[in-house]
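Here is how names work: the chains are called A, B, and so on, in the same order as the sequence lines, proteins then strands, and each is numbered from 1.
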Amino acid sequence: TDFQEAFNISKKAYFAQVNNNPRLKLIDTFCFFLVLLGIIQFAFIVLIRDNFPFNAFLSGFIICVGQFVLLMSLRLQLGNSFPCISKGRPFGEFVVASLILHFICLHFIN
Amino acid sequence: QDVHVSFPSTKRKTSIMIGRVGPEPEKDDIASTSVKVDNPNEVIQVSFAIDSSDKPFQNFLLVGLPSSNLEMTFEPEIRDNGKLSMYKYKVDLGTLDSALLQQASKSSESIKATLILASSTAKPKDNLFKEILQLDLDFDIDHTDSSFVDKFSVKPEIHHVFHAEPKRVARPIALLFVAIIFLTVLSLIVTWLNSCAATFDSFPSGTNALYLLGFVVTIVGFEVIFVRYYLGTNIFETLFSSLYLGAPGLLASTKFLRSFGQ
Amino acid sequence: PRSWEISNSWVYISTICGVIAAWVFFVVSFATTSSV
């Protein structure tokens with residue numbers, strides 16, 4: 001019962017926080033769909049029982065995982081920012097890192 | 001000069017003097033010196049002297065059966081002694097290849113020693129390529145080595161199994177999953193719009209709007225460059241395109257991000 | 001063969017394209033949506 005209660009309170013707090021901040025909602029929704037895409041790719045492999053071509057599978061999977069990680073690091077910095085770091089910097093870093101990730105995945109798939 | 005053959009492993013055997021050997025063909029077609037060898041571990045030493053000012057680049061002694069293309073190469077020990085250089089070749093019969101020994105025994109041919117002394121800068125008629133010695137083997141050669149296959153006999157058939165081409169999935173299944181992924185991405189965008197996550201209510205105005213446009217054009221431009229690279233563009237062209245886009249793009253993006261942070 | 005000629009890799013190519021398209025939309029939305 002205690003666990004159930006704690007879980008419900010956490011869930012309410014989370015949704016309250018996310019509903020008040022559209023940017024958090026953007027990030028969390030994107031993360032959820034990235035997980036879905038990863039599951040779809042994995043289901044494809046399980047269905048055909050083959051991961052050929054392996055580098056293409058890795059590319060597809062890594063872009064989901066990598067983007068998820070970058071979104072999480074952006075989300076962590078959306079809260080109280082550090083006094084010496086401007087607020088635009090986390091977003092800038094996210095964009096640059098995402099571009100690098102996309103290039104690596106497109107390069108690796110071939 | 002003073003070409004002679006000695007047998008350092010057998011004390012009783014005296015050395016054989018061959019004398020001067022030159023590149024000119026032999027008169028009366030005299031056969032090379034023949035040596036009978038009854039010890040399978042005999043060491044035969046061929047020594048001679050050459051004028052130090054005329055040392056050749058190539059200095060090999062070929063030992064084997066030239067008619068069967070079975071020859072081994074021996075390099076000399078060279079010692080400079082004033083105006084002359086002393087060359088010494090040591091041929092250890094125990095180290096001769098079993099293929100060579102077995103072929104010599106089978107065909108009853110003598111093993112020939114051919115001397116090559118040559119330089120690419122010398123005139124062809126000055127280069128030496130002459131048979132100087134024949135070795136008649138007078139001992140039993142072990143033919144029981146089953147790992148040795150006759151050089152000119154039929155070889156065992158080579159079987160190579162190539163890897164099968166990996167199987168490709170049927171097009172309808174692949175297209176089905178592509179459709180699922182497309183619908184997933186579409187539903188993501190619809191969710192963003194419906195849940196008011198993407199409200200576009202903080203659109204900048206004035207010059208900040210231009211910087212935002214520049215920022216968006218930069219990131220879309222980079223994605224286009226990457227896709228063109230994927231489709232086959234040269235990496236160098238990709239790098240140059242990135243540079244041309246990156247320079248102004250960086251300027252606009254940093255200005256936008258500064259206003260974004262504020 | 002290139003990746004797009006292999007039917008197996010269409011799934012992964014479409015994932016990458018989908019993620020990139022969604023990311024561009026995300027960046028534009030993030031930049032033009034307030035945090036309140």
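- Note: C:Trp4 and B:Tyr230 have perpendicular aromatic rings, judged against thresholds of 30 and 60 degrees for the angle between ring planes.
- Counting heavy-atom pairs under 4.5 Å between each of C:Thr32, C:Val19, C:Asn8 and chain B puts C:Thr32 at the top.
- The closest side-chain heavy-atom distance from B:Asn59 to B:Ile78 is below 4.5 Å.
- Note on ring orientation: taking the six-membered ring where Trp is involved, the planes of B:Phe260 and B:Phe256 are tilted (angle from 30° to 60°).
- With a 4.5 Å cut-off on non-hydrogen atoms, B:Leu231 touches chain C through its backbone and its side chain both.
- Put simply, of B:Val185, B:Leu176, B:Asp201, B:Thr199, the one with the most heavy-atom pairs under 4.5 Å next to chain C is B:Asp201.
- The contact between C:Val27 and chain B is made entirely by side chain atoms (from C-beta outward), counting heavy-atom distances below 4.5 Å.
- For B:Val169, the parts lying near chain C are the backbone and the side chain together; criterion is any non-hydrogen pair under 4.5 Å.
- Annotation: B:Arg168, atom CZ; neighbour count of heavy atoms from other residues, nucleotides and ligands within 6.0 Å is above 12.
- Residues B:Ile111 and B:Leu93 are not in side-chain contact: their nearest non-hydrogen atoms beyond the backbone lie 4.5 Å or more apart.
- Annotation: side chain of B:Ile225 is not in contact with side chain of B:Phe240 (no heavy-atom distance under 4.5 Å).
- Interface remark: C:Tyr12 contributes no atoms to any contact with chain B (heavy atom separation under 4.5 Å).
- Heavy-atom pairs under 4.5 Å with chain B were tallied for C:Val24, C:Ile16, C:Ile6; the largest tally goes to C:Ile6.
- If you measure heavy-atom distances from B:Val178 to chain C, the contacts under 4.5 Å come from both the backbone and the side chain.
- Only the side chain of B:Leu193 has a heavy atom closer than 4.5 Å to any heavy atom of chain C.
- Taking B:Phe200, B:Phe177, B:Phe182, B:Phe215 one by one and counting their heavy-atom pairs under 4.5 Å with chain C, the maximum is reached by B:Phe200.
- Contact annotation: the side chain of B:Glu71 approaches that of B:Thr114 to within less than 4.5 Å [non-hydrogen atoms, C-beta and beyond].
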